[in-house]
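Right, one structure below, let's go through it.
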Amino acid sequence: MDSTLTFPAGTPHGTRDVTLAHTRVGAGEPLLLVHGIGHHRQAWEPVTGILAAEREVVAVDLPGCGESPGLPTGLPYDPATLAAVLGAFCTALGWQRPHVAGNSLGGLLALVLGREDLVRSVTALSPAGFWTEAERRYAFGVLAGMRRGARSVPAPLLGRLARTAAGRAALTGTVYARPGRRSPEAVVAETLALARAEGFAETLRAGRGVRFTDDVIGPPVTVAWGSRDRLLLPRQGIRAKRALPHARLIRLPACGHVPMNDDPALVARVILDGTRAVRTQAAQLRVVGQ
């Protein structure tokens, strides 16, 4: 079910009302899905049905992305603020410590929520924040170029491009290893989402000094990286493992930066296994305590 929710969000910069669009499906333990910069919640559609068979799933549009309006004036688009908004959103949904899975920026935000021990488990798919400065500049340059391209394509041409495999590769080949698998309708929608993302520029600016260097002590963490990620290169996964020594590091063969469409079955299994790790962790603690 698609809907919007307005709620008070306490952030490092004060409490303000924020509105987020989201899709809620399934039943079971709660699972929040968070997309990357300039994307929208529909990026999760290839895996949502699989996940919803075992979990109550909410895919959310981040502030200033998809159908969510931007943040109120005075709130920056930095990770601390966005993570606080997501935490308040979960509270407004009636959730206490849900599982969370995120991609790219969403992966970084999932790790921030895990660091604050606000979630049961974390699955981070190619999370931001494990780059060198040169890698960050490269990724931000690519993203800015994608944004300019998305805003420059006339609507009639966009539709024609999306109907061909070559056109879909030109529009989305940077983030998908197999762009030909994405439907023309989905490619049009996500290109328009990137072009119209109100919070894109401010989110990119806020990310210039971001590095994730803290361990996540509380919930179990899974970090998964596509072997064909052209935006955040797979070697960044090794740095993530060094920063998060207790995390599982998983390689996603033949997957790009946004792996959900490249191999939905594999990505769904990785996420569900990550949520089940909570039970394994609890069982191990019981054994130790005996």
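Residues: numbered from 1 along the sequence shown. Just so we're clear, the structure is a prediction, and the values are computed from it rather than from any experiment.
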Does [X] pair with [Y] as a salt bridge, N-O distance under 4.0 Å?
{"X": "Glu54", "Y": "Arg276", "result": "yes"}
{"X": "Arg163", "Y": "Glu185", "result": "no"}
{"X": "Asp117", "Y": "Arg97", "result": "yes"}
{"X": "Arg228", "Y": "Asp262", "result": "no"}

Looking at every heavy atom in both [X] and [Y], which two are closest together, and how far apart are they?
{"X": "Phe212", "Y": "Phe130", "result": "O-CE2, 3.3 Å"}
{"X": "Glu67", "Y": "Ala21", "result": "CB-CB, 3.7 Å"}
{"X": "Asp263", "Y": "Cys255", "result": "CB-SG, 3.7 Å"}
{"X": "Leu143", "Y": "Phe200", "result": "O-CZ, 3.6 Å"}
{"X": "Gln236", "Y": "Trp225", "result": "CB-CZ2, 3.6 Å"}
{"X": "Pro46", "Y": "Ala43", "result": "CD-O, 3.4 Å"}

Taking [X] for its side chain and [Y] for its backbone only, find out whether a donor-acceptor pair lies under 3.5 Å.
{"X": "His99", "Y": "Val119", "answer": "no"}
{"X": "Ser68", "Y": "Gly64", "answer": "no"}
{"X": "Asp215", "Y": "Ile217", "answer": "no"}
{"X": "Asn103", "Y": "Leu125", "answer": "yes"}
{"X": "Arg137", "Y": "Thr132", "answer": "no"}

- prompt: So which residues get pulled into Val153's cluster when ILVMFWY side chains under 4.5 Å apart are joined, directly or through others?
  reply: Leu157, Leu158, Leu161, Leu171, Val187, Val188, Leu192

If we ignore angles and hydrogens, is there a donor and acceptor under 3.5 Å between the side chains of [X] and [Y]?
{"X": "Arg24", "Y": "Ser3", "value": "no"}
{"X": "Arg248", "Y": "Thr222", "value": "yes"}
{"X": "Ser104", "Y": "His257", "value": "yes"}
{"X": "Thr23", "Y": "Asp2", "value": "yes"}

Residue from Gln42, His40, His35, Arg182 passing side chain to side chain donor-acceptor pair (under 3.5 Å) with Glu190: Arg182

message: Apply side-chain contact (heavy atoms from CB on, under 4.5 Å) to residues Asp229 and Val175 and explain how you reach the verdict.
response: CA-CA 7 Å; Asp229 192 331; Val175 295; over 6 Å; no

- request: With side-chain contact (heavy atoms from CB on, under 4.5 Å) as the test, would you mind laying out the steps for Val85 and Leu71 before giving the verdict?
  value: CA-CA 10 Å; Val85 167; Leu71 288 172; 4.1 Å; yes

